[in-house]
Amino acid sequence: MACTVEGIPRSHGFRMPGEFEPHRGCWMLWPERRDNWRLGAKPAEQAFTEVASAIARFEPVTMGVSAGRFRQACACLPPEVRVVEMSCNDSWMRDVGPTFVVNDSGGLRLVDWQFNAWGGLNGGLYFPWDQDCLVACKVGEIEAVDRYRAPLVLEGGAIHVDGDGTLITTEQCLLNPNRNPGLDRREIEELLREYLDVRTVIWLGQGVFNDETDGHVDNLCCFVRPGVVALSWTEDRSDPQYPISTDALKRLETATDARGRRLQVHKIHQPDPVLISREECLGVDRVEGTLPRREGDRLAASYINFYIANGAVIAPQFGDARDPAALAALAGLFPDREVVGVYAREILLGGGNIHCITQQQPLGGTRREGRAG
C-alpha cells in the first residue's frame, strides 16, 4: 500500500524530470461525459483509442475506465493497453493525475495537487469534481508509489519543466484568482520550487486564445530539451492569437533558464481557426453547470499540445493545410524520435488535445520507499 509522505520533495532530493526523459509508461482516462463529448462519446472513444495505440508502440499505456464503460473500453483498445477500473469525472489525465518526481537513486514518488475543475465555482468547467480529486491517489496505489499532498491548486497542463531546474507557466492560469486566491506570485513560485525542485520560473502572459483552461502553457509553449522551446505561432496580425504569441516570444527571448542560458525558441505555426460546426454542437448533451458548446465557437487548436513518448512524438493533426509543415517542424526538433500524427479534432472539441489526455510516468527503479520525515 502506498502512503502519504510528510515533508516536501525538494528536501528529499526529488525533482520533476522533463517529459523528454525516459518513461516507464503513460496514463490516460477513458472519455464518457455526454455533456462534453458528442454523440455519447463514441467519436471521442475512437480518438482516444488512436492516441493510446500510437503511444503503445513506444511505451506501456494504462487506461483508467469507469466500471460502466470497462467492457466497451476493452473492446476498443488494443490488447497491449492495460485497462484498469478507475472512476473519474472526466478524462483529462494531465490535469487530474499525478506529477511524478524522481531522485538520483532511481526513486519514484508523486505529487498530488489540489484540483477544482479549472476554476471551482468561479468559472470552473463542471461540478462535481470529487472523483477527479482521487485519481492521483489511485494511480499511486496501483503503482505502489508514495505521494506528497501539495497545498496548491494546479493542473499538470499549467506547467512544463526542462528537468534542469526551469519551469514555464502562464500568468493567466496560475495567477487566476479562481485557483489560489490566497497566494501571490512569490508564494506560488516557492511552492513550485519545493514540490518540483525548480529554481527558475519563467512567466508567460496568456495561453492560446479561447483556451477554456484559463491559458494552460502546454497548449502554447513547451520544452523540447533544456534550453530549447517550441512556441505556437501565427503570422496573421489580425488574429487574436498574434499579440499573445508575440508577447510570449519577447518574454522567452529575454529570459534565462536555471543554468543561465538564453532560450532557443522555435515557432510552429498554428492551424487555421478551428470552429465548432452545427452538427458537432448539437451532438453534445446540454447540462446546467457545464460549459456550452456553441456553433461557430473557436477552439484552441495548437500543434504544441503533443506528447513526448520514448522514441516518439505523438502530435495532433486537424485536417489543416499546415499539418504536414507542423509534423516536419517537430521532426526537425526531435531528430532521434519518430513523429506520429493523430487526427485529434474530437479531442479538441472536448476542450483539450493529446498532451491534455496523457500523463507520463518517468522511469524510476525504486518505487515504494516508506515514510520519510
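Please read all numbers here as calculations on a predicted model, not as lab measurements.
- Counting heavy-atom neighbours within 6.0 Å of D104 CG, excluding the residue itself, gives a total of 12 or less.
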Next item on the list: Please step through side chain to side chain contact (heavy atoms under 4.5 Å, CB included) for the pair L299 and L349, ending with a clear verdict.
Entry: CA-CA 7 Å; L299 298 166; L349 286 167; 3.6 Å; yes
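- With a 4.5 Å cut-off on side-chain heavy atoms, L263 and V228 do not count as touching.
- Centroid-to-centroid, the aromatic rings of F100 and H23 stay 6.0 Å apart or farther.
- A donor-acceptor pair is defined here as one N or O able to donate and one able to accept, closer than 3.5 Å; no such pair exists between the side chain of N353 and the backbone of H355.
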Next item on the list: Just do the side chain to side chain contact (heavy atoms under 4.5 Å, CB included) check on T99 and W113 with the steps written out, would you?
Entry: CA-CA 8 Å; T99 294; W113 307 102; 2.9 Å; yes
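- The minimum heavy-atom distance between V145 and L108, with the atom names listed, is CG1-O, 3.5 Å.
- Under the 6.0 Å cut-off for aromatic ring centres, W92 and W37 qualify, their centroids lying closer than that.
- Partners of D112 by salt bridge (charged side-chain N to carboxylate O under 4.0 Å, His left out), not counting sequence neighbours, listed by chain and number: R147, R149.
- Counting heavy atoms from C-beta outward, D35 and R286 have side chains that stay 4.5 Å or more apart.
- Sorted by first and then second residue, the salt bridge (charged side-chain N to carboxylate O under 4.0 Å, His left out) pairs with a member in residues 58-76 read E45-R69; sequence neighbours excluded.
- A side-chain donor-acceptor contact under 3.5 Å links E19 to the backbone of I308.
- The residues R34 and D285 are annotated as salt-bridged, a charged nitrogen and a carboxylate oxygen being separated by less than 4.0 angstrom.
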Next item on the list: Starting from the C-alpha separation in whole Å, work towards a yes-or-no answer on side chain to side chain contact (heavy atoms under 4.5 Å, CB included) for V81 and S53.
Entry: CA-CA 8 Å; V81 173; S53 299; 5.6 Å; no
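- Taking all atoms of both residues into account, the shortest heavy-atom contact from T170 to G205 is CB-O, 3.5 Å.
- Partners of P128 according to the side-chain contact (heavy atoms from CB on, under 4.5 Å) rule, which considers only residues two or more places apart in sequence or in another chain, are N89, D130.
- In this structure a side-chain-to-backbone donor-acceptor pair under 3.5 Å is present from N180 to V153.
- When every heavy atom of L327 is checked against every heavy atom of A315, the shortest pair comes out as CD2-CB, 4.0 Å.
- In this structure, F127 has its ring center under 6.0 Å from that of W129.
- Here the closest heavy-atom approach between residue D211 and residue A300 is recorded as CA-CB, 3.8 Å.
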Notebook entry, point to check: Going through the checks in order, is the side chain to side chain contact (heavy atoms under 4.5 Å, CB included) test met by R10 and R15?
Noted result: CA-CA 7 Å; R10 181 178 62 182; R15 67 176 179 93; over 6 Å; no
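- A cation-pi arrangement is absent between R251 and W203, since the terminal nitrogen or guanidinium carbon is not both under 6.0 Å from the aromatic centre and inside a 45° cone about the axis.
- When every heavy atom of P98 is checked against every heavy atom of V139, the shortest pair comes out as CG-CG1, 3.9 Å.
- In this structure, R94 contributes its side chain and T358 its backbone to a donor-acceptor pair below 3.5 Å.
- Contact annotation: the side chain of V284 never approaches that of N36 to less than 4.5 Å [non-hydrogen atoms, C-beta and beyond].
- A ring-centre distance under 6.0 Å is not found for F70 and W30.
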Item checked: Candidate pair Q270 and D239, rule side-chain hydrogen bond (donor to acceptor under 3.5 Å, both in side chains), full reasoning -> CA-CA 11 Å; Q270 67 180 12; D239 191 311; 3.0 Å; yes
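- Side-chain atoms of Q131 and S87 form a donor-acceptor pair, as typed in the model, at a separation below 3.5 Å.
- A side chain to side chain donor-acceptor pair (under 3.5 Å) check over residues 328-343, counting only residues at least two apart or in different chains, returns the pairs R57-E338.
- E155 pairs by the salt bridge (charged side-chain N to carboxylate O under 4.0 Å, His left out) definition with R179, not counting sequence neighbours.
- Between H216 and H160, the distance separating the two ring centers is not shorter than 6.0 angstrom.
- When all heavy atoms of A52 and M63 are compared, the pair lying nearest together is CB-CE, 4.0 Å.
- Listed for the S105 side chain is no donor-acceptor partner under 3.5 Å among the backbone atoms of G107.
- Residue pairs meeting the salt bridge (charged side-chain N to carboxylate O under 4.0 Å, His left out) criterion with at least one partner in residues 341-350, sequence neighbours excluded, are R38-E346, E280-R345.
- Partners of F318 by ring pair (Phe, Tyr, Trp, His ring centres under 6.0 Å), not counting sequence neighbours, listed by chain and number: Y303.
- Tested against F14 for a side chain to side chain contact (heavy atoms under 4.5 Å, CB included), the candidates D197, V111, N103, V5 yield a single pass: N103.
- The salt bridge (charged side-chain N to carboxylate O under 4.0 Å, His left out) pairs that include a residue from residues 77-89 are R82-E143, where partners are two or more places apart or lie in different chains.
- Residues meeting the salt bridge (charged side-chain N to carboxylate O under 4.0 Å, His left out) test with E32, sequence neighbours left out: none.
- At distances below 3.5 Å, not a single donor-acceptor pair connects side-chain atoms of N219 with backbone N or O atoms of V208.
- Within the 3.5 Å criterion, the main-chain N or O of G157 finds a donor-acceptor partner in the side chain of D95.
- Partners of L191 according to the side-chain contact (heavy atoms from CB on, under 4.5 Å) rule, which considers only residues two or more places apart in sequence or in another chain, are P151, L152, L183, E194, Y195.
- Although no hydrogens or angles enter the test, the distance criterion places no donor-acceptor pair under 3.5 Å between the side chain of S302 and the main chain of S232.
- R262 pairs by the salt bridge (charged side-chain N to carboxylate O under 4.0 Å, His left out) definition with nothing, not counting sequence neighbours.
- Under the 3.5 Å distance criterion, the side-chain polar atoms of D323 are matched with a main-chain donor or acceptor of D320.
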Return all side-chain donor-acceptor pairs below 3.5 angstrom for residues 162-169, not counting sequence neighbours, or 'none' if the list is empty.
residue, atom, partner, partner atom, Å
D162, OD1, D164, N, 2.8
D162, OD1, G165, N, 3.2
D162, OD1, T166, N, 2.8
D162, OD2, T166, OG1, 3.2
D164, OD1, R259, NE, 3.0
D164, OD1, R259, NH2, 2.8
D164, OD2, R259, NE, 3.3
D164, OD2, R261, NH2, 2.9
T166, OG1, A258, N, 2.9
T169, OG1, A158, O, 2.7

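- In summary, D247 and K250 do not engage in a salt bridge, as defined by a charged side-chain N under 4.0 Å from a carboxylate O.
- V265 has its side chain within reach of L249: a pair of non-hydrogen atoms, C-beta onward, lies under 4.5 Å apart.
- Inter-residue side-chain proximity for T4 and D146 is flagged as unmet; no heavy-atom pair is nearer than 4.5 Å.
- Using a cut-off of 4.0 Å between Lys/Arg side-chain N and Asp/Glu carboxylate O, E189 and R193 are scored as salt-bridged.
- Using modelled atom types, one side-chain atom of R293 and one backbone atom of G350 make a donor-acceptor pair closer than 3.5 Å.
- Ion pairing of R225 with E21 is absent here, as no side-chain N (NZ or NE/NH1/NH2) approaches a carboxylate O to less than 4.0 Å.
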